[in-house]
Amino acid sequence: MIQFKLEGEFIPLIQLLKASGLVGSGGDAQTVVEEGLVKTNGEVEFRKRYKVRVGDMITFGENKIEII
């Protein structure tokens, strides 16, 4: 599990995927979100600009990101 320390109120989902190193580029991040491969708090998330906040749990494949 990855623990991501949030600086500020939120981070857009595609930026989080890039910042955590789970995808190589913003285009890759958009693709995996559009294909329904990312979950936020257990629900499939299709919104690329979803505002990830402290307490959220993001799942992508076998990877989990806890927002702290």
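When reading the values below, keep in mind they use all heavy atoms of this one structure, side chains included, and skip hydrogens, waters and symmetry mates.
Smallest separation of non-hydrogen atoms from Arg47 and Leu13: O-CD2, 3.8 Å. Taking every heavy atom of both residues into account, Ile2 and Ser20 meet most closely at CD1-O, 4.3 Å. Among all heavy-atom pairs drawn from Asn41 and Gly55, the shortest one is OD1-O, 4.2 Å. For the residue pair Phe4 and Ile65, the shortest heavy atom distance occurs at CB-CG2, 3.8 Å. The nearest pair of heavy atoms linking Thr59 to Lys64 is OG1-CG, 4.0 Å.
A salt bridge links Arg53 to Glu9: at least one charged side-chain nitrogen sits closer than 4.0 Å to a carboxylate oxygen.
Residues Asp56 and Tyr50 have side chains in contact (heavy-atom distance under 4.5 Å, counting atoms from C-beta outward). Between Gln30 and Glu35 the shortest side-chain heavy-atom distance does not fall below 4.5 Å. In this structure the side chain of Gln3 never reaches within 4.5 angstrom of the side chain of Lys5, judged on heavy atoms. Ile67 is listed as a side-chain neighbour of Leu6, based on a closest heavy-atom distance under 4.5 Å. Side-chain contact check for Asp28 versus Leu22: every heavy-atom pair is 4.5 Å or farther apart. Using a 4.5 Å heavy-atom threshold, the side chains of Val54 and Ile68 count as separate. In this structure, the side chains of Leu16 and Ile58 come closer than 4.5 Å at one or more pairs of heavy atoms.
Residues passing the salt bridge (Lys or Arg N to Asp or Glu O under 4.0 Å) test with Lys48, sequence neighbours excluded: Glu34.
Val44 and Val32 fall into different hydrophobic clusters, where Ile, Leu, Val, Met, Phe, Trp and Tyr are joined by side-chain heavy atoms under 4.5 Å apart, directly or via other members.
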